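What follows is one structure encoded as structure tokens, with my remarks underneath.
Count residues from 1 along the sequence. Computed from a prediction, not measured in an experiment: that's the story for all the values here.
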Amino acid sequence: MLQGSLASLLGVLRSRGLAKVPSGASAEMVAGHFVDAAPGNGVTFVHQAPHTPRKYLLETMGSGVALFDSNNNGLLDIYLINGAPFGDYVAPGTILEKTGPKYWNRLYRQSADGTFEDATEEAGLQGVGYGMGAAAADYDNDGHTDLFVTAWDGNHLYHNNGDGTFTDVTEKAGVGGTGWSTSAAWVDLNNNGYLDLVVLRYIEWNWNDEWCGPRDNRGYCLPDVFPPISMLVYRNNGDGTFTEEAHRVGLSKPGRALGIAIADYDRDGHPDIFIANDSMVEFLFHNKGDGTFEEVGLLAGVAVDGNGRTFAGMGVDFSDYDNDGWPDLMIGDLANQIYPLYKNNGDGTFTYVSYITGVAAITLLHSAWGLRFMDYDNDGWKDLLIAQGHDMDTIHKSFPELHYRESPMLLRNIKGRKFVNVGPLSGKVFDARWAGRGLAMGDINNDGLLDAVITENGGPAHVLMNRTETANHWIRFRLVGHKSNRDGIGASIRVETAQGSQWYTVTTASSYLSSSDVRAHFGLGAETIARRVEIRWPSGIVQILKNVRGDRQIQIDEPVTAAEKRW
């Protein structure tokens, strides 16, 4: 968007009263309270991203993070993805290597006292090459969470041995791939009980030495300088191996893919896939029910923004923010573009609602990467936490009002009608400026409040502990599938209280390059009882629980007999 157009848009927003920053804390602006616990809790990771005069696009993109329980002790661990060294000129075909511990990926294992210890070497998770993202899930249904790591020119699958160690099984599994991989998602595409793997790729790129920008001020190239590329889709054969079949299942459409999220947006019992593409149309793949997909983004109204323009799609979440039972879409993009929010109409289409919900006015001058809906105060409405920062480290030279480093953003959900920025009221972490990238969500200390980890490009990791004071209640579910995949990924959970209902799709995907806690968390507000819990398993089994007491985590096993379907 040109400078004049930006000023014009801001003028329109102000004239409509949409660009006013709320003053003071009203009843709607209930603040959160987050503190950055790293590195005081032992997480000392610093992402390595060479920033060279050549302005290689790879420099700007990492890194991701995974929050998962690596040793089944009930505590979330943190896995952080790192880069690798390269110089001012890299010849096409060069394979990057991690030359020492400075460049290792890092596993921080949580202790009972809430601190973390570096268990990278013990676990065998130092990583290979220039890493990008991570996706955690139990792909072989053995009860232990495995780890897939994406990278430039070669991905890696690590099998969890169940004793605190991991084995690189990439070659045996057949999931190494090629090219520039970004985000990945574990999802059972055909509901046969085994998790398949969808791996995004960004562009066709091989250290292309393109000069972009004016001759006296070289800059990073826009992604449309390079051709799009298809994703990789690996079908789980159930024997530890995978077969790549993106073309066969209808998922081979070339894109510039950065973010992936899953949900059953039309509630037909089959998981659908949304892909956030950079500077081209976005993709919504509808699952036809036979394990194949059709792309319907334009028909559904989510391929472009409300003005019919493409944007720099980066992070994404696919979740029901207004509690009407239909998964909605939130996407991160660059400053001057507005973060797109799409409300699911329940008829296979979506409506662009960034303006009427207040998101447009709040986000116009910001750039979003990792993001997740999260109910930070357990009031029963999903709020938004967003990792921010521009990709151009010289953006201020062209647009003085924009910044390379930005504060994270916390948007409060006002009963599904609008969002209000409460970050400035919610702790010093929202004053800090980071080159934010990945974001993973989960209750790190099991206190009933959702926490998060945010990564930086070329900077430290930040462990945001939620210390919001609230009298609200909560409930959390850990699903264990038997006919379905063991993690219950793809299951839809409805929780009903006296105040209404909420819905959640079980997944570790969403955000950007990152993998969140697989457990499903619900805020209950003032209610202490979930009077009805309905779980629709990927297998098609529907399980009903009644009068479930809150303020605790419950493991729910998928029933194997009809008598187990109701509690």
**Asked** Going through the checks in order, is the side chain to side chain donor-acceptor pair (under 3.5 Å) test met by Asn457 and His51?
**Response** CA-CA 10 Å; Asn457 177 259; His51 283 220; 2.9 Å; yes
Ionic contact status for [Y] with [X], cut-off 4.0 Å:
| X | Y | value |
| --- | --- | --- |
| Lys55 | Asp393 | yes |
| Lys382 | Asp375 | no |
| Arg412 | Asp377 | yes |
| Arg433 | Glu406 | no |
| Lys415 | Asp322 | no |
| Arg519 | Asp443 | no |

Look up atom [atom1] in [X] and atom [atom2] in [Y], then write down how far apart they are to the nearest 0.5 Å.
| X | Y | atom1 | atom2 | result |
| --- | --- | --- | --- | --- |
| Phe293 | Phe285 | CZ | CZ | 9.0 Å |
| His247 | Glu245 | NE2 | CD | 11.5 Å |
| Arg235 | Leu189 | CZ | CG | 10.5 Å |
| Ile454 | Phe34 | CD1 | CZ | 9.5 Å |
| Leu76 | Met441 | CG | CE | 10.5 Å |
| Leu411 | Leu384 | CG | CG | 5.5 Å |

**side chain to side chain donor-acceptor pair (under 3.5 Å) evaluation trace for Thr455 with Arg437** = CA-CA 6 Å; Thr455 65; Arg437 294 296 186 265; over 6 Å; no
For the residue pair [X] and [Y], confirm or rule out a side-chain donor-acceptor distance under 3.5 Å.
| X | Y | value |
| --- | --- | --- |
| Arg372 | Ser516 | yes |
| Asn378 | His521 | yes |
| Asp278 | Tyr202 | yes |
| Ser510 | Asp317 | yes |

**Steps toward side-chain contact (heavy atoms from CB on, under 4.5 Å) verdict (Ile338, Asp305)** = CA-CA 9 Å; Ile338 295 173; Asp305 68 13; over 6 Å; no
Compare all side-chain heavy atoms of [X] with those of [Y] and state whether any distance is below 4.5 angstrom.
| X | Y | result |
| --- | --- | --- |
| Asn191 | Pro271 | yes |
| Met280 | Asp224 | no |
| Asp517 | Phe68 | no |
| Met231 | Val199 | no |
| Asp153 | Asn206 | no |
| Pro254 | Ile229 | no |
| Phe311 | Glu282 | yes |

**Message:** Applying ring-ring contact (aromatic ring centres under 6.0 Å, His included) to Tyr352 and Phe350, what does each step give before you reach the verdict?
**Reply:** CA-CA 7 Å; Tyr352 182 84; Phe350 294 74; over 10 Å; no
Strictly distance-based, threshold 3.5 Å: is any side-chain N or O of [X] a donor or acceptor partner for the main-chain N or O of [Y]?
| X | Y | answer |
| --- | --- | --- |
| Gln502 | Val495 | no |
| Ser354 | Leu341 | yes |
| Asp36 | His462 | no |
| Glu295 | Leu284 | yes |
| Asn277 | Arg256 | yes |
| Ser230 | Lys253 | no |
| Thr150 | Gly133 | yes |
| Asp138 | Thr145 | no |
| Ser426 | Gly32 | yes |
| Thr363 | Tyr339 | yes |

**Request:** Check the pair Gln388, Ser367 against side-chain contact (heavy atoms from CB on, under 4.5 Å), reporting the backbone distance first and the verdict last.
**Result:** CA-CA 5 Å; Gln388 301 190 129; Ser367 301; 5.8 Å; no
Which atom pair, heavy atoms only, marks the closest approach of [X] to [Y]?
| X | Y | answer |
| --- | --- | --- |
| Ala66 | Ala134 | CB-CB, 3.9 Å |
| Cys221 | Leu57 | O-CD1, 3.4 Å |
| Leu371 | Gly315 | CD2-O, 4.1 Å |
| Pro424 | Phe430 | N-CB, 4.5 Å |
| Ala387 | Gly438 | CB-O, 4.2 Å |
| Asn190 | Asp196 | OD1-OD2, 3.8 Å |

**Centroid separation Trp186 to Tyr139 less than 6.0 Å** =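 Here the rings of Tyr139 and Trp186 have centres that are less than 6.0 Å from each other.
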**Request:** Under the side chain to side chain donor-acceptor pair (under 3.5 Å) rule, what do Glu59 and Tyr220 come out as? Steps first, then yes or no, please.
**Result:** CA-CA 9 Å; Glu59 303 170 12; Tyr220 294 107; 2.7 Å; yes
**Complete:** Between Asp320 and the options Asp328, Asn344, Thr505, the side-chain contact (heavy atoms from CB on, under 4.5 Å) test singles out Asp328
**Message:** Could you check whether Arg201 makes a cation-pi contact with Trp180, meaning its NZ or CZ is under 6.0 Å from the centre of the six-membered ring and within 45° of the ring axis?
**Reply:** no
**More than 12 heavy atoms of other groups within 6.0 Å of Arg476 CZ** = yes
**Request:** Would you please test Leu464 and Val35 for side-chain contact (heavy atoms from CB on, under 4.5 Å) and show each step?
**Result:** CA-CA 5 Å; Leu464 273 60; Val35 299; over 6 Å; no
**Request:** For the pair Phe45 and Ile78, evaluate side-chain contact (heavy atoms from CB on, under 4.5 Å) and give the outcome as yes or no after the intermediate values.
**Result:** CA-CA 10 Å; Phe45 176 85; Ile78 303 172; over 6 Å; no
**Prompt:** Can you name the one residue among Trp381, Phe419, Trp503 that meets ring-ring contact (aromatic ring centres under 6.0 Å, His included) with Tyr321?
**Reply:** Phe419
